[in-house]
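Everything below concerns the one structure shown next.
All values below were derived from every heavy atom in this structure, side-chain atoms included, with hydrogens, water molecules and symmetry-related copies excluded. Note on naming: letters A, B, ... go to the chains in the order of the sequence lines (proteins, then strands), and numbering restarts at 1 for each one.
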Amino acid sequence: MTPTWLRWMPAVAVPAVIAAGVLAGSVPASARDPLPGKTPAQVLAMIGQHTTKALSGTVEQTSELGLPDVPQVGPSSGPAAGSLAELLTGPHSARVYVDGPAKVRIQVMDRMAERDAVRQGNEVWLYNSKDNTATHLTLPGIASGKQDRGSRMPGSVATPEELAARMLEKVDVSTDVAVRGDVEVAGRAAYNLVLTPRSQGTLVESVAVAVDGENGLPLSVEVRARGQQEPAFRTAFSSLKLEAPDAAIFNFTPPPGASVKELALPSSGYAKRDLGQQGRETSGLGKDELGKLENDRKAPAAAGGAPSVTGTGWETVVGFPARANSAAAGAPSVDTLLNDPLLRQATVAVPGGRAISTSLLNVLLTDDGRMFVGSVPLERLQAAAAAR
Amino acid sequence: MTSADRGAGLAIETTGLSKRFGHQLAVNSIDLAVPQGSVFGFLGPNGSGKTTTIRMMLGLAAATAGSVRLLGQDMPGKLDEVLPQVGALVEGPAFYPFLSGAANLHRFDAADRHASPGTRRARVAEALDRVGLSHAARKKVRAYSLGMKQRLGIANALLSRRELLILDEPTNGLDPQGTREVRSLVRSLAADGATVFVSSHLLAEVEQICTHAAIMSVGRLVAQGPLAELRQAGTAQLRLITPDAGAASGVLVRFGMTPVIGHPDGADAVITSVLPGSAGALSPNGSRNPGGAGGTGGTGERDAAAALEAAPEAIVAALVADGVRVRGFAVERGSLEDRFVALTGEGFDVAQ
Amino acid sequence: MSRSDQVSEHGSRTAKESGREGSVPRQRASSRSFLASELKQLFRRGRTQALLLALAAIPVMIAVVVRLSTAVPPGRGPAFLDRITQNGLFVGVTALIVAVPLFLPLTIGVVAGDTIAGEAGHGTLRYLLVAPAGRVRLLLVKYVGAVAFCVAAPLAVALAGAGIGAALFPVGPVTLLSGDVVQPGEALNRMLLIAAYQTVSLLGLSAIGLFLSTLTDVPVGAMAATIVLSVASQVLDQLPQLEWLHPWLFSHYWFGFADLLRQPIGWDSFTSNAMLQAGYIAVFGALAYGRFVSKDVLS
Ligand SMILES: Nc1ncnc2c1ncn2[C@@H]1O[C@H](COP(=O)(O)OP(=O)(O)O)[C@@H](O)[C@H]1O
Ligand SMILES: [Mg+2]
């Protein structure tokens, strides 16, 4: 009779083999040749010059902003899916299909639901499976140039490229730029471009952008907050194919039974921003808040109460006038924010109003209806509010 | 213990077989030797370790120490080759209550990888017929009586041609009619050449059908051998009623006995003594001893010689010759039952 | 004694009498017949049929309730509930979604927990083993039986759903999560794919149940333990503090079948799920082997 211990061998060996397999899989393939050395400027230039026109891949986004988690229990698609804050909490995954600037489809894969944004030529469809609503809009002119890609897509999770573009706008004297050791993202070797704010007055500790070593495509962006172990925000390709996706993917007709809304764009000057905002409202999508506020800051002043800007670089604080004064459709107002149940839940009472504190961004909603936003400690916002 | 039986002709052979449950030694280093072709009674009070021994023989439980050979092959090492030739009933019958009797047998036969599916139906029908259950074949086992289940359990052991049958308490729960049927079934199996190993706490059953027996007591094997030999090992008792106690004692001592004198009712003394080596000559029971494969060798002759010296008639003659007034004389045969009680120190059905 | 010796020794016996033949193909046929016997016993058993009927009742209940009630507002209740009135095929999908967290694991727990412990409880385990079934072979046959039930259970929900849906509601092209529309045939394919996904999802739990079943002679204990584990795994999967653990929980991808309702079909979660379940099968299969092969059968 075989000794008893021998019979337990498989039970010991199998987990050991699995553990070994997992460890071997998680260690980046060390056999890969290191990428040729490049200066930060060269890597930045790579991003600027990358010519990747077609790709399909999956983007994973995780946030550790300190917002309460959206509970996702049970078979339903979750009560909060589609709320403004929902995309800022927990993990999200989206499939991205791109074939040139005018063919884009982003699918945010929610639990038992999906939010789609499809662009073909000037036609854009937004679809939310949760309530079976479709929104159609026609872009005013043929947009061209890769700069527009992605960032033109109305709301969804941020693709690495989109976010990288936004982050790189910040590269100026206030930022230290370095290239660290190579990283591997979605199975591809990438330069690790790290932006570190020189200022101590911002919540952002560093921003790391993984840049594809072959073609300069940003593969991941990771934002770290001061005093937090986990990245506060990370978006990265988990898989990536650099081939043109099946053309049928970009065809979209609203399904029968869906409630279809036609969205007329206001004058072209506001098209970009409005599109983003409307998309967010109609399909319940939110870009990451950082980006949204960034957009708003850059938007031309709307009629009546323009946002105020204090501070520079990473320490910028943006102030929004009270809703009554703001005719700008796109400006986030105290009301809309407070109407979002998750955000309302996230606010805490502070001297002078209520605040939403996240690890990367603070928002102060003053008692008189103004709003101040910035990647700075709350006291800075309060000071900005008091300065008025 | 008949060491002459050891060797190739053993259907079951255990050496130093032990099983420990926690602190309790349920089976304590037993050396069983079951000759091929024998009907072997495995006797012991409840809880003496019979079923545990059988479980170890069949590879159901691992031995704490010792080894088992079935049909000349190691168990459980050669389990796959041995068990197809072994039919077993272990600790009573057990079936799927939601299946019919026939379906249960089909199931167990299908589990035997050596059983041919082609002949299954016929073999099941035959086994059911053999135990007299054909009429209830389609009935759900849930609706069987205990006796019917017991018969079905035996039928299961008979699904294929077996070299060895191990039946644990096969007559448990059977009516007298069923008990008789099982007995004749066992005899017919033995007549076919199979070795039958029957465990029981019922002596009568063993006495009636077995050629050999072993006796278990609290996990130990206390006696083993051909049934006749076991009976011989039991003592015959001499009982003498006489007023001449002193003279009688003298005579008995001459015959090598150690008489015990008692005066139960005052007048006459009642002398009892173990009759040395006398049993063999008086054994009434050679008829149902086909001898087994191993045979019993020369032990019988030696016993017969010893018995001649202390023959009861010789004792009586000597007593009378010495002027002892023999008012009563009896030789009480030791039964297997006496032997059993003497060895186990208990009556029947005493649970441990 | 070798088999050929035996045959020559008792050469006069007919094949019917001896009931056994030594050739290898015959043994293989017998292994199949043991498996067939296991499957027959499993699916002919009243309890198994009751479990499948209960599963099939889920879509029937959903369909009848939806038929009798006023329109469901979108976004409430289980996903797709609001679509049922427009398209009967959603009944199956909705019922599958409803069945995932509790009903399916419950029935699998009953079947997998019963595998060995049920035999031990009936006392039939000892007779199977002395037949001899072979311990490893018995374990394999029992697991295959449980797998067969894992196939049958989601299929019962899906098919009952498709049937009752077609009976009570119009059937037409189906809108996928991505907003694309597929024809009923393709939709049915997708539903079968979802059923297959759930079959795969339950394989790990079945292996766990098999292992637990080797630990006890009381089938109810093994069943309850299996079901409790399936609930515990889902609860742990919700705790953000245990994020590192989540991808290792066997229930982690249970809801990932939504990817099969997207256009194009996403296979990522199917693959991840299959690999995870394979890991659970390997680990708990090895544990069950270690336990059962050395176990004293005293029932
Ligand atoms: N599973 C078990 N666990 C602990 N002790 C046991 C077990 N089975 C049997 N025993 C003990 O072993 C001894 C022998 O039991 P058993 O072999 O069933 O006796 P028998 O069959 O002779 O009546 C008994 O004292 C019993 O209590
Ligand atoms: Mg017993």
Side-chain angles (χ1 to χ4, degrees), chain B residues 19 21 51-52 54-62 71-73 76 79-99 103-104 106-120 122-123 126-127 153 156-157 159-163 166 192-193, chain C residues 1-3 5-7 9-10 13-24 26-41 44-48 118-138 141 293-299:
Chain B
K19 182 69 184 180
F21 290 121
T51 302
T52 307
I54 289 174
R55 284 186 197 279
M56 287 189 286
M57 284 179 189
L58 294 170
L60 290 174
L71 300 173
Q73 308 216 54
L79 185 141
D80 271 345
E81 284 144 61
V82 177
L83 286 189
Q85 310 171 54
V86 179
L89 181 69
V90 188
E91 184 113 293
F95 295 101
Y96 306 95
F98 48 88
L99 292 184
N104 266 288
H106 273 272
R107 163 94 172 147
F108 290 130
D109 196 58
D112 178 358
R113 103 179 67 194
H114 306 281
S116 147
T119 60
R120 182 164 299 144
R123 285 181 292 111
E126 192 192 317
N156 175 44
L159 273 176
S160 308
R161 174 80 205 191
R162 313 289 195 186
E163 295 296 304
I166 296 182
D192 276 5
Chain C
M1 183 194 301
S2 78
R3 197 153 308 285
D5 286 347
Q6 187 199 338
V7 169
E9 194 180 319
H10 307 284
R13 287 173 196 160
T14 64
K16 186 201 123 190
E17 264 183 310
S18 79
R20 51 189 80 255
E21 282 153 50
S23 65
V24 173
R26 169 67 68 208
Q27 292 195 10
R28 214 164 278 148
S30 297
S31 266
R32 267 209 304 279
S33 94
F34 185 27
L35 182 58
S37 138
E38 173 67 25
L39 295 179
K40 197 170 109 184
Q41 170 154 343
R44 289 233 178 124
R45 193 166 175 187
R47 187 178 69 191
T48 314
E119 299 283 355
H122 281 128
T124 44
L125 182 56
R126 60 178 184 266
Y127 288 112
L128 289 176
L129 290 182
V130 302
R135 296 198 179 206
V136 177
R137 181 161 160 265
L138 178 60
V141 163
V293 165
S294 56
K295 176 187 174 153
D296 276 357
V297 175
L298 300 171
S299 58

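- By number of non-hydrogen pairs under 4.5 angstrom with chain C, the leading residue of B:Thr51, B:Leu58, B:Leu89 is B:Leu89.
- Here CG of B:Leu79 is found 8.0 Å from CZ of C:Arg135. Values are rounded to the nearest 0.5 Å.
- Contact annotation: the side chain of B:Asn104 never approaches that of C:Tyr127 to less than 4.5 Å [non-hydrogen atoms, C-beta and beyond].
- With a threshold of 4.5 angstrom between heavy atoms, C:Glu119 approaches chain B through side-chain atoms but not through N, CA, C or O.
- Contacts between B:Ile166 and chain C at a heavy-atom distance below 4.5 Å are absent for every atom of the residue.
- For the set B:Ala103, B:Pro97, B:Gly153, B:Gly193, the count of heavy-atom pairs under 4.5 angstrom toward chain C peaks at B:Pro97.
- Between chain B and the options C:Ala36, C:Gly123, C:Ser37, heavy-atom pairs under 4.5 Å are most frequent for C:Ser37.
- Applying the side-chain contact (heavy atoms from CB on, under 4.5 Å) test between C:Pro132 and each of B:Asp80, B:Val86, B:Val82 identifies B:Asp80 as the sole match.
- Contact check for C:Phe34 versus B:Asp112: no side-chain heavy atoms found under the 4.5 Å cut-off.
- We find the NZ-CG distance between C:Lys40 and B:Leu99 to be 8.5 Å, quoted to the nearest 0.5 Å.
- In this structure, B:Arg107 and C:Leu128 have side chains that are in contact, with non-hydrogen atoms separated by less than 4.5 Å.
- Residues B:Ala94 and C:Thr124 approach most closely at O-CG2, 3.7 Å, considering heavy atoms.
- Heavy atoms of B:Phe98 lying under 4.5 Å from chain C belong exclusively to its side chain.
- To the nearest 0.5 Å, atoms CG (B:Leu83) and CG (C:Leu129) are separated by 9.0 Å.
- Nearest heavy-atom pair across C:His122 and B:Tyr96 is ND1-CD2, 4.2 Å.
- Residues satisfying the side-chain contact (heavy atoms from CB on, under 4.5 Å) test with B:Ala157, not counting sequence neighbours, are B:Leu165, B:Leu167.
- Applying the side chain to side chain donor-acceptor pair (under 3.5 Å) test to B:Thr52 and every residue at least two apart in sequence or in another chain returns nothing.
- The distance from the NE2 atom of B:His106 to the OG atom of C:Ser33 is 10.5 Å, given to the nearest 0.5 Å.
- Residue with the most contacts toward chain B among C:Gly46, C:Gly134, C:Ser299: C:Ser299 (heavy-atom pairs, distance under 4.5 Å).
- Here the side chain of C:Arg126 pairs a donor or acceptor atom with the backbone of B:Glu91 at under 3.5 angstrom.
- More than 12 non-hydrogen atoms from other residues, nucleotides or ligands lie less than 6.0 angstrom from CZ of C:Arg47.
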